[in-house]
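A quick note: this is a predicted structure, and the numbers were derived from the prediction, not measured. Letters go in sequence order (proteins before strands), and every chain restarts at 1.
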Amino acid sequence: MKRTHHCAQLTAADVGRKVSLLGWVDSIRDHGGILFVDLRDREGITQLLFDPTGNPGPAEKAAALKPESVIEIEGEVVARPAETVNRNLGTGAIEVDCTALVIHNLAETPPFPIDDTLGEKVNEDLRLTYRYLDLRRPRLRRIFKLRHRATKVIRDYFDEEGFYEIETPILFKSTPEGAREYLVPSRLQPGHFYALAQSPQQFKQILMVGGMERYYQLARCFRDEDLRADRQPEFTQLDLEISFIDRDGLYALIEGLMARLWKDVLGVELALPFPRLAFKDAMNRFGSDKPDTRFGLELEDFTADFRESGFKVFRAAAESGGAVKALVAPGLADITQGELNHLTETAKSLGAKGLAFIKIEGGEWKSPIVKFFSEAEKAALSERLGLKDGDLVFFAADAWERACTILGRIRLESAALLRKRGRLEIPSGRYDFLWVVDFPLMTYDEEQGRYVASHHPFTAPVPEDVPLLDSDPKSVRGQHYDLVLNGTELGGGSIRIHQADIQKKIFEEVLKIPPEVVETRFGYLLRAFRYGCPPHGGIAFGLDRIMALLTDSASIRDVIAFPKTQKGQCLMTQSPGPVTAKQLKDVHLTPLATG
RNA sequence: GGGGUAGUAGCUCAGUCGGUUAGAGCGCCUGCCUGUCACGCAGGAGGCCGCGGGUUCGAGUCCCGUCUAUCCCGCCA
């Protein structure tokens with residue numbers, strides 16, 4: 001089998017050349033006598049000519065072809081008649097006059113069109129069932145080409161920066177502190193289980209203790225949690241860890257990586273360095289710890305203005321240490337009742353009791369609550385929000401973080417409504433990177449009645465906040481950082497604790513994990529920290545999320561070759577599936593009676 | 001676990017107020033066609049209206065349940 005060229009290669013310069021091409025039949029145009037085939041391979045399309053007068057054998061065979069069949073041809077490159085040149089095709093000036101045709105695989109009719117515009121609309125479950133057909137669409141071919149290029153750039157960059165690529169175990173032990181894990185029963189150790197690694201976190205820290213200094217990995221990770229458009233049960237992390245580095249060093253390293261990725265993959269120059277925003281400011285201004293800063297619509301704080309308000313709901317929030325936040329959607333006073341109901345439901349799903357609003361129409365404030373406002377309160381709103389006719393104002397009054405979160409969500413929804421009306425434009429090709437920093441090290445978990453690590457328990461506190469660990473844990477800031485792009489969290493990491501005594505204190509005294517549990521789960525790590533542990537830090541990125549942004553994909557399923565559905569199934573292979581009684585017996589499992 | 005959306009021909013969809021034989025475009029099959037490139041022309045086949053139950057003289061249409069996909073909340077150290 002010889003292939004002299006691929007299907008995007010031949011041009012007018014090749015006229016007269018004898019060539020051999022292999023690929024898929026993209027389309028057939030049978031004119032009764034003469035017959036054209038568009039031959040497609042990974043690289044492009046070349047038109048084949050089957051002429052019954054010149055080469056009756058191949059032409060007769062070609063009449064039996066069906067789309068998506070795999071064929072091999074030999075022929076001569078000929079110039080197309082001037083008036084039939086296809087300028088939309090790189091190879092449109094020529095065609096191959098076929099002298100031989102081998103049909104390697106005559107395809108059945110595909111269940112859906114292999115076409116970008118038509119195929120995009122086809123139900124995803126059908127496309128996933130026949131993923132190999134979906135993958136033939138140009139859009140997906142481009143995605144996986146770009147994914148390959150991106151991982152190549154990543155490997156080159158870290159190689160130049162002195163990193164080692166090191167693999168860590170996927171079969172790990174259960175560490176119930178984090179995400180729910182996939183359990184793997186051990187055959188050799190009856191009653192014991194591995195857990196599939198939810199991230200290489202602990203191993204990469206041990207690699208630092210092991211003196212590797214600079215580690216990275218494109219690591220497959222597993223989490224048995226409910227899925228979303230940006231979450232799959234198995235996904236790929238770009239994971240790295242560095243000894244002897246501080247936060248600024250890490251920011252510069254990662255900014256260099258992103259700049260290289262965007263340049264080499266998309267040809268886009270990113271402005272460096274990325275802005276940094278404290279968690280508190282991100283919440284106050286955007287109502288999110290992963291703010292989309294491509295548009296304004298920032299939140300304003302009116303807590304002080306309503307501390308003595310006649311409007312009980314606002315006063316109560318302000319008096320009890322919460323916040324009163326407001327958001328203007330310019331020109332959205334024409335919101336429909338349905339849209340407003342939807343926003344209210346959204347606010348309620350986040351714990352709001354309702355969604356207070358004011359429509360400004362014809363110089364009047366139309367709102368169920370405005371009658372409770374004093375003139376001073378109205379003046380404060382009017383002045384600080386710069387209200388104009390046609391504007392719509394939303395309010396949230398609640399505990400600070402909840403009030404921010406609610407309005408943050410309303411901000412995104414309002415932006416979507418404004419975009420739909422053509423009143424807000426977010427240019428495609430705009431990439432707003434930013435670092436979110438100064439996260440609280442702990443947050444108090446009402447359900448468990450104790451503090452839990454906001455990021456993970458290995459995050460080092462900001463040095464000047466260490467004295468507060470005992471007195472006021474919730475105001476201790478962690479040396480944690482998230483990289484956010486256009487409202488998506490690309491990744492996060494931290495400078496780690498590298499001293500056994502501080503790590504033990506965090507586990508036992510702050511997080512209140514019983515010492516014996518600390519010993520079984522993390523004993524080996526604490527032990528390692530006692531034998532010369534370098535200061536270190538790292539970060540991990542969702543490679544799938546990065547690829548989704550680089551390829552403008554709505555879901556990471558588009559950038560994963562064989563993704564799973566929201567119920568965690570692979571529709572093509574029908575996994576997960578049942579196993580035999582013997583298999584269960586081998587791993588010492590007995591099924592529970594169900595139903 | 002909860003909320004939203006969708007499910008009608010192979011695909012994408014339409015289907016009025018509950019009414020007679022459920023339609024369209026693409027695809028598929030047959031025939032014709034020697035310069036097309038979304039080739040064209042003529043003809044044809046193709047339906048458990050996701051599934052189950054209910055209301056009704058009558059259900060694709062209304063009600064209840066259920067399944068699947070998807071979006072979101074919870075969850076994701």
For His456(A), the side-chain hydrogen bond (donor to acceptor under 3.5 Å, both in side chains) test, sequence neighbours excluded, returns Gln201(A), Arg496(A)
Notebook entry, point to check: When all nucleic acid strands are considered with a 4.0 Å heavy-atom cut-off, which category describes Thr175(A): base, sugar-phosphate, or nothing?
Noted result: nothing
From CD of Glu68(A) across to P of G27(B) the rounded distance in Å is 14 Å
Are Thr84(A) and Asn86(A) linked by a side-chain donor-acceptor pair shorter than 3.5 Å? no
Here the salt bridge (charged side-chain N to carboxylate O under 4.0 Å, His left out) pairs for residues 44-61 of chain A, sequence neighbours left out, are none
Checking N1-N3 plus N6-O4 or O6-N4 for Watson-Crick, or N1-O2 and O6-N3 for wobble, each under 3.5 Å, the partner of C32(B) is G40(B)
List the atom pairs, with distances to 0.1 Å, where a side-chain N or O of residues 554-561 of chain A and a protein N or O form a donor-acceptor pair under 3.5 Å, not counting sequence neighbours.
from	atom 1	to	atom 2	distance (Å)
Ser555(A)	OG	Ala229(A)	O	3.4
Ser555(A)	OG	Arg557(A)	N	2.9
Arg557(A)	NE	Glu124(A)	OE1	3.4
Arg557(A)	NE	Glu124(A)	OE2	2.7
Arg557(A)	NH2	Glu124(A)	OE1	3.1
Asp558(A)	OD2	Arg139(A)	NH2	2.9

**Asked** Mind checking whether Phe394(A) and Phe357(A) have ring centres under 6.0 Å apart?
**Response** no
Could you give the distance separating G31(B) and G50(B) at their C1' atoms, to the nearest angstrom? 38 Å
Exercise for the section: Please work out if Val122(A) contacts a base, only the sugar-phosphate, or nothing of the nucleic acid, heavy-atom cut-off 4.0 Å. Expected result: sugar-phosphate
Leu133(A) atom CG is separated from G27(B) atom P, nearest whole Å, by 17 Å
Here the salt bridge (charged side-chain N to carboxylate O under 4.0 Å, His left out) pairs for residues 481-490 of chain A, sequence neighbours left out, are none
pair_partner(A69(B)), Watson-Crick or wobble, both distances < 3.5 Å, evaluates to U5(B)
Scan Pro113(A) against the nucleic acid and name what it touches under 4.0 Å (heavy atoms): base, sugar-phosphate only, or nothing. sugar-phosphate
Residue set satisfying side-chain contact (heavy atoms from CB on, under 4.5 Å) with Pro200(A), at least two apart, ordered chain then number -> Thr168(A), Tyr215(A), Gln217(A), Ala219(A), Cys221(A), Gln237(A), Asp239(A)
When both distances are under 3.5 Å in a Watson-Crick or G-U wobble arrangement, the nucleotide paired with C75(B) is none
Sequence neighbours excluded, the answer for side-chain hydrogen bond (donor to acceptor under 3.5 Å, both in side chains) partners of Glu181(A) is Ser174(A), Thr175(A), Gln198(A)
Sequence neighbours excluded, the answer for side-chain hydrogen bond (donor to acceptor under 3.5 Å, both in side chains) partners of Gln47(A) is Arg29(A), Glu95(A)
* If the C1' atom of C71(B) is compared with that of C11(B), how far apart are they to the nearest Å? -> 23 Å
By the Watson-Crick or G-U definition, both distances under 3.5 Å, C13(B) is matched with G23(B)
Using the P atoms only, state how far G10(B) lies from U56(B), rounded to an integer number of Å.
34 Å
CD1 (Ile406(A)) and CG (Leu343(A)) are apart, to the nearest 0.5 Å, by 12.5 Å
Between Ile34(A) and Leu126(A), the residue closer to the 5' end of RNA chain B by nearest nucleotide is Leu126(A)
Give me the distance, rounded to whole Å, that separates G54(B) from A59(B) when you measure between the P atoms they each carry. 12 Å
Whole-angstrom distance between A14(B) and G25(B), as gauged at atom P: 16 Å
Reading nucleotides 36-45 of chain B from 5' to 3' and marking B where a protein heavy atom lies under 4.0 Å of the base, S where only the sugar-phosphate is that close, and - otherwise, the string is BB-B------
Could you check whether Phe36(A) and His31(A) have their ring centres less than 6.0 Å apart? yes
Per the under-4.0 Å heavy-atom filter, residues of residues 51-65 of chain A near RNA chain B come out as Thr53(A)
Readout for nucleotides 69-75 of chain B: B = base within 4.0 Å of protein heavy atom, S = sugar-phosphate only, - = neither; 5' to 3' it is SBBSBBB
Report task. For nucleotides U61(B) and C17(B), find the distance between their C1' atoms and express it as a whole number of Å. Result -> 10 Å
To the nearest angstrom, the CD-P distance between Gln574(A) and U68(B) comes to 12 Å
Would you tell me if any nitrogen or oxygen in the side chain of Lys66(A) comes within less than 4.0 Å of OP1 or OP2 on C29(B)? yes
Atom CG of Asp134(A) and atom C1' of C11(B) are separated, to the nearest Å, by 13 Å
Scanning all shown strands, the Watson-Crick or wobble mate of U61(B) with both distances under 3.5 Å is none
ask   = When all nucleic acid strands are considered with a 4.0 Å heavy-atom cut-off, which category describes Leu35(A): base, sugar-phosphate, or nothing?
value = nothing
Gln503(A) meets the side-chain hydrogen bond (donor to acceptor under 3.5 Å, both in side chains) criterion, sequence neighbours left out, with none
In residues 515-529 of chain A, what donor-acceptor pairs under 3.5 Å come from side-chain atoms, sequence neighbours left out?
from	atom 1	to	atom 2	distance (Å)
Glu519(A)	OE2	Arg527(A)	NH2	2.9
Thr520(A)	OG1	Glu516(A)	O	2.8
Thr520(A)	OG1	Val517(A)	O	3.2
Tyr524(A)	OH	Gln202(A)	OE1	2.4

Check: If we take the C1' atom in both U20(B) and G58(B), what is their distance in whole Å?
Finding: 11 Å
In whole angstroms, the gap separating C1' of U5(B) from NE2 of His342(A) amounts to 11 Å
- Between A42(B) and A24(B), how far apart are the P atoms? Round to whole Å, please. 15 Å
